[in-house]
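Working notes, structure below.
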Amino acid sequence: MKKKAGMILACIIIAASGLYYFLKDEPLAQTPPEQPKDQQTSKLAYVGNSIVEQKDGKPLWELKAEFIEIDVDTKNVQLKNLVGTFYQEKGGKIEITAPEAFMDSKTKDITMSVKVQATASDGTTFTANEARWSSTEQKVYGSGNVILTKDDTVLTGDKIESDSNMEKIKVFGNAKVVKGGVAR
Amino acid sequence: ASNKPVELAADTIEYDSVKGVMTAQGNVRMVQENAVMTGTNAEYNSKTKEAYVYGGVKVVQEDATLLAEEVRSYDNNHIIAIGNPILTKGSSRLDGPQIDYYSDKQYAIVNGWARLQTEDSILTANQIESFFSEDRAVAQGNVHIVSDVRKLDAVSDHAIYYGSKEQQGKTILTGNARAVQEGNVLTGNTLTLFMDNKVIDVQGRSKLVITPQ
């Protein structure tokens, strides 16, 4: 009898130590650790939508894209395969396409990259590796292999700055203008 | 007016397409047809076809080179150079306070105080016109020709100089002409010098004073 009780006691001890061992390694499920604030982004994604910016009821620009992603906190917008329409002060408009674009919600500036191509309603064309539309200044900035063709004038250079009507244009770095013919 | 393309290159260019005005700064290079203009700054009006280049300007067109501090170009053809302008073409060098050069006519005129240097003589006058295509120059007022090579020193009111080899350095002096060569003095109304051959023709009343050597 005595022998039986000992065996039972041993079993209990083994079971208790096993349970302890088990619990020590696998703590009870706790609430996940708090993630640092900046890694916490929640984004809204839209497919085949557009964003419009107006001022005094007048459209400043309209952005259409295959894919739009808005950062809920910063309200900044990432766009893929952008087709943007920018309304010029004098009434015309410029259509700009770019594989990548980013809109800064504070400044409303739109930065476009990879291969930017623009065509204005008066026929002016403009290509660059990167471009930025400044809503506050109503200006277009471009950089990298810049080519702007207006009537029979071709402007090329490293960087360009133009008013929204593409009438007053500055070219910086290896600037060249060819009037009345093809650049050599 | 030439409608050939105009090419303007620089460090920075501003273009006002409404006014048609281009303003270039730094390492300016302007090309039209076979004329190349370089300088530090430039302004070109594509509507009026007027260009203004300044800052160590150099204009090269075929074998003609124009150096000056400032150059204004009109209609892509007529060039006015000021600021120690020097126009060299072939072996001729023309300078003065201002040079007007017409590329279509290959013609230059210098007023105020002009000097034309050729291989073997220096011609100065109040005004000199150079007809490059004819290799001919016309000098007006206080004409003075000096040729060290030929030991010649001549003055007159007017002069026409023919530079081509066939013309043997022919120079026609008219109006109070006076030529001194190796001590001999010849005066007359019209003297024709053949500088290559040291020959002088005289027309009208003339006087020759020979100095024995």
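Letters A, B, ... mirror the listed sequences (proteins, then strands); counts begin at 1. Hydrogens, waters and symmetry mates are skipped; everything else that's a heavy atom, side chains included, is used.
Only the side chain of L155(A) comes within contact range of chain B, judged by heavy atoms closer than 4.5 Å. Contact of D16(B) with chain A is made through backbone and side chain together, with heavy-atom distances under 4.5 Å. Both the backbone and the side chain of K168(A) come within contact range of chain B, judged by heavy atoms closer than 4.5 Å.
Interatomic distance, OH of Y15(B) versus OG1 of T153(A), reported as 3.5 Å (0.5 Å rounding). Here the NZ atom belonging to K179(A) is positioned 12.5 Å from the CD atom belonging to Q32(B), to the nearest 0.5 angstrom. Put simply, OG1 on T12(B) and CD on E161(A) are 11.0 Å apart, with the number rounded to the nearest 0.5 Å. Separation of atoms CD (Q25(B)) and NZ (K170(A)) is listed at 9.0 Å; rounding is to 0.5 Å. Between the OG atom of S17(B) and the CG atom of L148(A) there is a distance of 9.0 Å, given to the nearest 0.5 Å.
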Original post:
Where do K176(A) and E7(B) land on the salt bridge (Lys or Arg N to Asp or Glu O under 4.0 Å) test, with the steps shown first?
Top reply: CA-CA 7 Å; K176(A) 179 184 275 191; E7(B) 184 182 296; 3.5 Å; yes
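By the 6.0 Å contact criterion, CD on E134(B) is enclosed, its count of non-hydrogen atoms from other residues, nucleotides or ligands being greater than 12. The local environment of CZ in R178(B) is sparse, with at most 12 non-hydrogen atoms from other residues, nucleotides or ligands closer than 6.0 Å.
For the residue pair V178(A) and P5(B), the shortest heavy atom distance occurs at CG1-CB, 4.4 Å.
Residues that satisfy the side-chain contact (heavy atoms from CB on, under 4.5 Å) test with N34(B), not counting sequence neighbours, are Q61(B), E62(B). Checked against side chain to side chain donor-acceptor pair (under 3.5 Å), N76(A) has the following partners two or more places apart in sequence or in another chain: T74(A), S105(A).
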